[in-house]
2 protein chains.
Amino acid sequence: MPLLMLKDLPRYECLLEAAREYPDLDPSATEVFLNLLRTGDEAFRVTEDHLAQHDITHGRFGVLMALWGNCHREGRETPLGPAEIAERTGVTRATVTGLVDTLERAGFVARTPHSDDRRMTSVALTLAGEAVLAKILPEHFRQMAWLMGTLTESERKAFVQLLTKVMARAAERPVAVAEELAVAAARV
Amino acid sequence: MPLLMLKDLPRYECLLEAAREYPDLDPSATEVFLNLLRTGDEAFRVTEDHLAQHDITHGRFGVLMALWGNCHREGRETPLGPAEIAERTGVTRATVTGLVDTLERAGFVARTPHSDDRRMTSVALTLAGEAVLAKILPEHFRQMAWLMGTLTESERKAFVQLLTKVMARAAERPVAVAEELAVAAARV
DNA sequence: GGCAGACGGTTAGGCGCCTAACGACAATTG
DNA sequence: CAATTGTCGTTAGGCGCCTAACCGTCTGCC
């Protein structure tokens with residue numbers, strides 16, 4: 001998350017006070033929200049710092065992981081097109097173009113034209129790309145394990161359930177936004 | 001989070017399988033990590049979309065909120081300098097310069113030179129800035145309340161505790177990174 | 001067969017964020 | 001009082017990400 005969050009989250013009393021002026025403010029919901037974004041950002045930066053040591057950004061890492069195989073090389077050699085990579089990593093095709101440019105310049109991936117469909121291009125890991133992944137991944141996994149090291153297995157399970165609930169809620173957003181836009185349009 | 005996350009998180013069986021090849025991979029830790037980043041990103045985007053309707057980005061919003069008062073206007077009129085804003089919002093001073101530029105162009109904040117110390121500049125909300133906040137905040141609060149609406153009070157409490165634990169762990173990161181860099185330096 | 005439309009990848013332009021470096025000023029020191 | 005050191009805000013340059021628009025290519029339908 002390229003983000004930006006209030007460094008010192010507001011104390012709960014401050015939320016309670018603000019709630020008196022803004023009846024829409026739900027103190028406990030706000031607290032969860034702020035902590036969620038803040039923690040996500042913090043976790044993000046932990047891995048970001050590590051990846052940076054290998055000149056890899058999260059964007060580039062996402063591309064490499066997508067090429068590495070979604071469920072760990074389902075078909076062994078699975079070259080993907082930029083559109084497919086964009087789909088799997090959740091960025092736009094335009095962004096993938098830039099990321100692949102950088103990775104290709106670094107020698108970690110290679111573009112090869114598709115024989116059947118001349119619109120398409122295949123992107124595949126090079127040996128250097130596999131090598132850098134082999135170098136990065138163990139430490140990357142250790143980072144995640146260390147970060148969650150204070151949580152017991154049952155805590156982790158509960159954590160994932162809570163996150164999943166919120167994620168499901170957020171996924172309904174398009175509907176809410178559509179309604180909102182409709183309301184906004186009606187107001188004009 | 002400017003981010004980028006695997007759109008479809010890997011299934012747990014895939015993590016188990018990958019763990020066989022990479023002993024450092026802790027499946028449950030990885031699962032929590034991925035869900036955390038993904039959910040944080042999703043929540044981030046929910047508010048991002050709403051703010052965008054008012055031509056406000058998260059960066060700009062952070063500046064406005066910082067000016068609005070950390071614990072909701074502690075001293076009523078509290079003009080801040082860019083350095084202070086950067087400190088509170090967690091971005092660099094250079095970034096604040098750009099954000100304030102944009103906000104000033106939009107008429108939401110105003111810069112005034114400091115009388116005592118001529119290095120310093122004060123940034124304060126204008127009336128238009130307060131107005132746009134008054135327009136945005138109610139809906140913003142509603143978004144957060146809606147997003148957490150599926151969670152009970154006790155779930156929220158547990159959630160915050162889990163997030164806090166991970167955040168505390170992440171805060172230890174500088175130490176770990178320092179050690180790592182020392183190791184890397186020793187290797188050369 | 002021919003043409004409209006859909007789809008692939010890229011380009012152009014913009015914003016947020018960063019680091020590194022600058023010029024102006026203030027505070028500290030000999 | 002002069003020189004160093006530190007701080008403040010800004011600038012310059014880079015990357016990731018976006019949207020909008022662009023070409024080249026394939027495809028479906030008549």
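All figures in this text were calculated on a predicted structure; none of them were measured in a lab. Naming convention: chains lettered A, B, ... in sequence-line order (proteins, then strands); numbering from 1 in each chain.
- Ring planes of His58(B) and Phe44(B): parallel class, angle under 30° (limits at 30 and 60°).
- Side-chain atoms of Thr57(A) lie closest to dG16(D) of the nucleotides dC18(D), dG16(D), dG9(D).
- Summarising the geometry, the separation between NE2 on His58(A) and C1' on dC18(C) is reported as 16 Å, rounded to the nearest angstrom.
- Computed from coordinates, the Asp55(A) CG to dC15(D) C1' distance equals 11 Å when rounded to whole Å.
- In this structure, the nucleotide among dG16(D), dC18(C), dT10(D) sitting nearest to the side chain of Arg60(A) is dG16(D).
- A salt bridge does not link Arg45(B) with Asp49(B): none of the charged nitrogens is closer than 4.0 Å to a carboxylate oxygen.
- Of all nucleotides listed (dC17(C), dC17(D), dT25(D)), dC17(D) comes nearest to the side chain of Val91(A).
- Residue Thr95(B) has a polar side-chain atom (N or O) positioned under 4.0 Å from OP1 or OP2 of dC18(C).
- Spacing between atom CG of Asp49(B) and atom C1' of dC18(D) amounts to 12 Å, rounded to whole angstrom units.
- For Thr97(B), the side-chain atoms get nearest to dT11(D) when compared with the rest of dT11(D), dC18(D), dT19(C).
- One finds no side-chain N or O of Thr102(B) lying less than 4.0 angstrom from the OP1 or OP2 phosphate oxygen of dC15(C).
- Ranking dG9(C), dA20(C), dT11(C) by closeness to the Ala94(B) side chain, first place goes to dA20(C).
- Electrostatic pairing of Arg169(A) and Glu42(B) does not count as a salt bridge here, judged by no charged N lying under 4.0 Å from a carboxylate O.
- The interatomic distance linking Asp41(A) (CG) with dC17(C) (P) rounds to 10 Å, in whole Å.
- Side-chain nitrogen and oxygen atoms of Arg111(B) include none within less than 4.0 Å of the OP1 or OP2 phosphate oxygen of dC8(D).
- Val123(B) has its side chain out of reach of Leu80(B): every pair of non-hydrogen atoms, C-beta onward, lies at least 4.5 Å apart.
- At whole-Å resolution of the value, CG in Asp117(A) and C1' in dG8(C) are 7 Å apart.
- Under the 30°/60° scheme for interplanar angles, the aromatic rings of His140(B) and His50(B) are found to lie parallel.
- Side-chain N/O atoms of Arg119(B) and base N/O atoms of dG9(D) include no donor-acceptor pair closer than 3.5 Å.
- Backbone-only engagement by Thr121(A) is indicated by non-hydrogen atom pairs under 4.0 Å involving sugar-phosphate atoms exclusively.
- Distance Leu103(B) CG to dG9(D) P: 16 Å, rounded to the nearest Å.
- Between the CG atom of Asp116(B) and the P atom of dG9(D) there is a distance of 14 Å, rounded to whole Å.
- Side-chain to base pairing of Arg118(A) with dT25(D): no donor and acceptor N or O lie closer than 3.5 Å to each other.
- To the nearest angstrom, P of dA12(C) lies 12 Å from CG of Asp101(A).
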